[in-house]
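Structure, as structure tokens:
Every chain is numbered from 1, with letters handed out A, B, ... down the list of sequences.
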Number of protein chains: 2
Amino acid sequence: MAALKQKISEKTVERLSVYRRHLKELQKKGKTRVYSHELAQIVAGTPAQVRRDLMQVGGNGCSSKGYEINLLSDEISELLDYPEKQNVALIGVGNLGRALLGFFSGSRENFDIVATFDNDPDKCGRIICGRRCYNADQLKKIVGEKKISTAILAVPAEAAENAVKDLIDAGVKAILNFAPKHITTNSNVFIQTIDMTMALEKAIYFSHKNTYAKESQHERNRKNYQSTF
Amino acid sequence: MAALKQKISEKTVERLSVYRRHLKELQKKGKTRVYSHELAQIVAGTPAQVRRDLMQVGGNGCSSKGYEINLLSDEISELLDYPEKQNVALIGVGNLGRALLGFFSGSRENFDIVATFDNDPDKCGRIICGRRCYNADQLKKIVGEKKISTAILAVPAEAAENAVKDLIDAGVKAILNFAPKHITTNSNVFIQTIDMTMALEKAIYFSHKNTYAKESQHERNRKNYQSTF
DNA sequence: CTCTAGTTGTGAAATAATGCACAGCGTGAA
DNA sequence: TTCACGCTGTGCATTATTTCACAACTAGAG
């Protein structure tokens, strides 16, 4: 228990999430132990980086046997998750919103999308992918009632700014924003923007640069991981 | 023309894309000039950082008048884009794929989704959102014919690895991967994974940490920008 | 038991990214 | 014309992140 409550960097949190998902796959395959260099491959990092990350969750690797998968997975979960399943709301039930709803459904242990919101009267009141769709003006009420801590924002760019305001006002603590618009706040609310347009433009940019910018194998591996987002 | 062909960092490329989109909005509003501190707000960075980024594209800000929006936008485009519109393929026409197709449609100047692929016989041959859907086994042929440089991958996690192999084999140069699976390659192909599950887990993680980790205003602003992806 | 091979944990070095601070300049006012 | 203000471009300091490299340890072979 080395690193209790030591502030964990965002990058590390991101990687821990990726490690954990991979660990669960390994569990399914019946593996019981894993080495740092195996996990390193997943995130295209170095074994040293993986070990450092894992130290933050109480690094209990065993020399020459590596890490015990079950234990490690549990430890990561203890760090990333909360005792109670977290309730999440989806704002904006357009094409993207519905796709995200499907994407995030299924057996999730640590969170649950419990409500959706839209301001299209045709959608409100209906059940979409198993979740009730509320009118946007119900936001504050439902967020309070259902103790929703986090929101997924899938509204058009023009609507994003106001939606964020409303969400913060409603008491949400984190927002995962898919609208192609970067939004800041001076509140304590955590806003993570997934800027898909930017990501595609970036991919297109590097699609060509890569061809005539030969690098070492190692460099290339690192390049391929990328921000992961 | 300070920085011609100087290697531009990924972070900078990301921000340039964001700047450009904002510049185009400003253009629509009729603004003609912009200051570094205005752009800094957008990405929750510092003016110095913005100026550094812009220097890479030929920094031609004018003392006390700031940057000329039209010129700056064009210069960023010259750096990020290519003379020819880039052809993009979408792999996987499920819910998410179709949503992405819609999301990336509209008036894009620098790229165009020209084909979609799926291995569901029901989908193949049909026109989906205006794009012909091909069978996956046509990939190499079509990628060659249509000079597709970049692919958007929206297949289930299990299928991602093989899909990436096929795409690389087909000659694609960059992949934007939405499958919750990190994939590496030793080819020169640029793979950018948008790990939405990870992003949500991260958001949930920081939703709580933020509440009892008060920081300076400035720190908070930085936190709120986040990886942007 | 001893030795070898291979792995972890981690201090220290290296690298990358960010922010500070100021010289230099253009602008507009007087 | 002169001056004050405010902004850019940038060297340098600072901070964040990654990698190196090695001591300590474990397992297994002989």
For the side chain of A:Met55, starting at C-beta, report the closest nucleotide among C:dC20, C:dG9, D:dT19.
C:dG9
side-chain hydrogen bond (donor to acceptor under 3.5 Å, both in side chains) pairs touching residues 69-80 of chain A, sequence neighbours excluded, are A:Arg20-A:Ser77, A:Gln27-A:Asn70, A:Asn60-A:Glu75
On the nucleotide D:dT18, are OP1 or OP2 found under 4.0 Å from the side-chain N or O atoms that A:Arg15 carries?
yes
Spacing between B:Asp53 atom CG and C:dT18 atom P, to the nearest angstrom:
8 Å
side-chain contact (heavy atoms from CB on, under 4.5 Å) evaluation trace for B:Lys202 with A:Gln192
CA-CA 9 Å; B:Lys202 177 180 164 190; A:Gln192 161 107 20; 3.1 Å; yes
Atom pair distance, as rounded to whole Å: CD in A:Gln56 and C1' in C:dT8:
16 Å
Which nucleotide in D:dC7, D:dT18, C:dT8 has an atom nearest any side-chain atom of A:Tyr35:
C:dT8
Output the rounded distance in Å from CD (B:Glu10) to C1' (D:dT17).
14 Å
The nucleotide from D:dA21, C:dT18, C:dG11 with an atom nearest the side chain of A:Ala48 is D:dA21
A correct 5'-to-3' footprint of nucleotides 25-30 of chain C, with B, S and - meaning base, sugar-phosphate only and no protein heavy atom under 4.0 Å, is BBS---
Under the rule for side-chain hydrogen bond (donor to acceptor under 3.5 Å, both in side chains), what residues qualify as partners of B:Thr32, not counting sequence neighbours?
none
Can you find a side chain N or O atom of A:Tyr67 that sits less than 4.0 Å from OP1 or OP2 on C:dG9?
yes
Quick one: ring-ring contact (aromatic ring centres under 6.0 Å, His included) partners of A:Tyr35, sequence neighbours excluded?
A:His37
Would you say B:Thr46 reaches C:dG19's phosphate, i.e. side-chain N/O to OP1/OP2 under 4.0 Å?
yes
The ring-ring contact (aromatic ring centres under 6.0 Å, His included) partners of B:Phe104 (sequence neighbours excluded) come to none
Under 4.0 Å: is that the gap between some side-chain N or O of A:Arg51 and OP1 or OP2 of C:dT8?
yes
Side-chain N or O of A:Arg33 closer than 4.0 Å to phosphate OP1/OP2 of D:dA27
no
For A:Phe178, enumerate each residue passing the ring-ring contact (aromatic ring centres under 6.0 Å, His included) test, keeping only those at least two apart in sequence or located in another chain.
none
